[in-house]
> 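Below is the structure I would like to discuss, written out as structure tokens.
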Amino acid sequence: MENRETYSPSSKTIAAISTPQAPGGIGIVRISGPRAREIAGKVFTSKRGKTLDEIKGYTALYGRVHDGDEAIDEAIALNYTAPASFTGEDVVELSCHGGLYLLRRVLKAVFSAGAVPAGPGEFTRRAFLNGKIGLTEAESVMQLIGAQGGQAAKAALAGHDGALEKKIRKIRESLIQTAAHLSAWADYPEDDIPEVNEESLHETLRFAKEELDRLLSQFDAGRAIREGVVTVIAGRPNVGKSTLMNLLSGCERSIVTEYAGTTRDIVEDTVILGDVPLRLSDTAGIHLTEDPVELIGVERARERIREAQLILAVFDSSQGLNDEDRELVSVIRDAPSIAVVNKSDLPAKIDLEYIKYNFKRIVYISALSGEGLEQLKNAVAELLHTAGLNPAEGILFTERQRDAARRAGEGVDEALAAVESGITLDAVTVSIEGAISALLELTGERATEAVVDSVFHHFCVGK
Ligand code: GDP
């Protein structure tokens with residue numbers, strides 16, 4: 001087990017470039033650990049002649065970074081004193097001029113002065129081990145770095161503020177109280193501990209169950225918002241797939257043409273529709289063809305449809321349905337799809353009854369004018385259950401969190417079943433303890449070293 005109780009702060013002082021590895025206006029070398037000020041003092045000399053030991057936490061010095069006698073760059077040294085820093089340790093951040101070459105030279109000088117290279121996510125890991133942030137918050141730091149779109153960033157920020165952690169703690173506290181009461185009552189029968197009221201036991205377990213179920217049901221929607229949804233625009237040639245894709249992209253990405261069958265290649269693009277990033281691929285239609293090049297395209301389109309998380313099945317409302325349209329309908333049966341009845345600006349000839357019979361969700365749109373885009377947005381949000389999701393309330397972010405929540409839910413289920421079937425309260429206690437333990441693992445308060453490792457493994461160096 002590697003948790004906060006058994007952790008003793010590492011004596012090593014670590015350093016890394018903490019800004020993106022790309023040219024920029026400024027770049028930061030971060031140093032964290034007990035020797036942070038001493039090491040920074042060896043490579044940094046302030047203009048005023050003051051040392052980092054002489055200034056207060058959260059203040060800065062302006063000066064030069066050097067490697068021995070050789071000057072490297074002008075820099076600001078920002079001083080954070082333990083425990084009031086991100087990692088909970090002494091931290092010095094050297095803000096230098098951007099440019100990888102310069103930053104690497106500064107970092108090298110810092111290593112020569114006694115720091116060791118930080119591992120992936122090691123700053124955040126230390127923050128976790130020093131009790132500055134919870135494991136779910138650490139995970140959201142990572143999400144925040146990779147967030148696409150407003151809702152995703154909001155969700156990650158909420159995680160960073162501990163919204164999920166608070167929610168989990170609330171569930172856990174009620175279970176702990178119940179388990180403690182049950183144990184006390186069972187272990188000290190001669191004392192006057194009031195009998196556990198079955199109704200309130202039920203209520204506690206139901207509350208836990210409902211909260212966990214809600215979190216679990218929001219997981220897929222949360223993931224859709226964070227990672228985007230693999231989306232295929234399907235339909236026979238000329239129904240307006242490319243036009244729709246361009247409407248969604250807001251730019252001309254695929255070739256729009258009057259002639260059928262020209263969109264042979266699959267063009268990919270990520271667009272944000274409402275709250276959801278759609279990872280779009282424009283596909284060839286599923287038409288019967290002898291042309292070997294087109295055949296490849298058609299086969300690829302079928303494959304994409306099988307793998308898609310969302311299919312926008314496009315139909316041309318100004319024409320009657322043909323065999324290819326029907327073929328598409330049969331291919332996507334049971335898949336998560338929306339019928340996009342396009343060209344609503346033209347007189348309708350399409351057999352709407354057939355579409356209504358085969359699709360739960362239908363949107364009428366003019367990809368050319370943009371009319372109906374809002375309805376499409378709503379239909380997508382409804383299908384992916386992202387509509388009512390408020391990421392600020394805290395949602396499960398990672399498979400690890402989901403797995404722990406699921407195990408906690410199973411423990412609560414067992415406890416509920418035990419209560420209902422009148423099994424001894426001992427059995428109920430054991431099940432509740434199983435649930436509590438899974439929840440402690442979720443927030444990292446009782447996570448194994450392997451779990452902690454795998455969380456930080458995904459981080460990049462410098463975070
Ligand atoms: P694809 O083969 O399915 O990709 O179809 P395209 O996007 O290339 O469109 C085929 C033709 O239909 C083009 O001439 C488009 O301008 C036209 N088109 C697409 N959407 C609409 C629409 O909503 N209304 C009208 N009137 N024409 C459209």
Side-chain angles (χ1 to χ4, degrees), residues 230-271 273-274 278-308 310-332 335 337-352 354-356 358-359 361-380:
V230 177
T231 306
V232 165
I233 302 180
R236 69 168 158 81
N238 249 4
V239 290
K241 296 183 298 298
S242 309
T243 312
L244 175 63
M245 182 148 172
N246 290 337
L247 172 71
L248 293 173
S249 311
C251 63
E252 299 275 315
R253 284 299 297 274
S254 29
I255 321 146
V256 180
T257 157
E258 304 268 342
Y259 304 101
T262 39
T263 324
R264 286 195 189 117
D265 258 332
I266 291 162
V267 185
E268 291 212 29
D269 206 348
T270 296
V271 301
L273 186 64
L278 301 184
R279 286 155 55 192
L280 290 178
S281 60
D282 182 348
T283 74
I286 315 228
H287 56 291
L288 310 165
T289 173
E290 300 279 301
D291 181 317
V293 180
E294 277 191 19
L295 258 178
I296 295 171
V298 170
E299 192 36 51
R300 250 201 274 173
R302 281 175 179 274
E303 208 172 290
R304 291 275 165 146
I305 286 172
R306 278 194 294 271
E307 291 165 0
L310 170 67
I311 298 154
L312 302 179
V314 186
F315 300 93
D316 183 341
S317 66
S318 69
Q319 295 193 359
L321 292 162
N322 69 12
D323 286 350
E324 282 178 41
D325 292 316
R326 294 196 182 86
E327 171 75 8
L328 174 67
V329 170
S330 75
V331 169
I332 63 175
S337 56
I338 296 170
V340 179
V341 179
N342 189 32
K343 309 198 189 180
S344 60
D345 53 303
L346 300 177
K349 285 201 190 138
I350 195 169
D351 176 4
L352 266 182
Y354 179 82
I355 302 283
K356 282 184 187 158
N358 284 288
F359 289 89
R361 293 187 175 77
I362 304 169
V363 172
Y364 305 93
I365 196 169
S366 167
L368 205 58
S369 75
E371 179 111 31
L373 184 61
E374 199 56 33
Q375 283 87 319
L376 180 60
K377 207 182 280 182
N378 295 339
V380 168

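Position 1 is the first residue of the sequence, and the numbers go up from there. The structure presented is a predicted model; accordingly, all values stated were derived computationally and were not measured. Order of listing sets the numbers, starting from 1, for every ligand and every atom in it.
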> Show me which atoms of ligand 1 lie under 4.0 Å from any heavy atom of Lys241.
1 (P), 2 (O), 3 (O), 4 (O), 5 (O), 7 (O)
> Short list, please: which atoms of ligand 1 are under 4.0 Å from a heavy atom of Asp345?
22 (C), 23 (O), 24 (N), 25 (C), 26 (N)
> Can you sort out the partners of Tyr364 under ring-ring contact (aromatic ring centres under 6.0 Å, His included), two or more places apart, ordered by chain and number?
none
> Would you say Pro237 and ligand 1 have an N/O pair spaced under 3.5 Å apart?
no
> For Tyr354, does its backbone N or O pair with a side-chain atom of Asn358 as donor and acceptor, under 3.5 Å?
yes
> I'd like to check which ligand 1 atoms, numbered from 1 as shown, lie under 4.0 Å from a non-hydrogen atom of Leu346.
26 (N)
> Do Lys343 and Glu371 meet the salt-bridge criterion of a basic N to acidic O distance under 4.0 Å?
no
> Under 6.0 Å from the CD atom of Glu299, do we count more than 12 heavy atoms belonging to anything else shown?
yes
> Return the minimal non-hydrogen interatomic distance between Val232 and Ala308, and the atom names on each side.
CG2-CB, 3.8 Å
> Given the rule in the salt bridge (charged side-chain N to carboxylate O under 4.0 Å, His left out) test, do Glu307 and Arg302 qualify, once you have shown the distances and angles that lead to the verdict?
CA-CA 9 Å; Glu307 291 165 0; Arg302 281 175 179 274; over 6 Å; no
> Out of Ser344, Ala234, Gly240, whose heavy atom sits nearest atom 5 (O) of ligand 1?
Gly240
> Contact between ligand 1 and Gly235 is defined here as a heavy atom of the residue under 4.0 Å from a ligand atom; is it met?
no
> Run down the list Lys343, Met245, Arg236 and name the one with the heavy atom closest to atom 21 (C) of ligand 1.
Lys343
> List every atom of ligand 1 that sits less than 4.0 Å from any heavy atom of Leu368, numbering the atoms from 1 in the order shown and giving each element.
16 (O), 21 (C), 22 (C), 23 (O), 24 (N), 25 (C), 26 (N), 27 (N)
> Glu374: which residues meet the salt bridge (Lys or Arg N to Asp or Glu O under 4.0 Å) condition with it, sequence neighbours left out?
Lys377
> Relative to the heavy atoms of Asn342, which atoms of ligand 1 are at a distance of less than 4.0 Å?
19 (C), 20 (N), 21 (C), 23 (O)
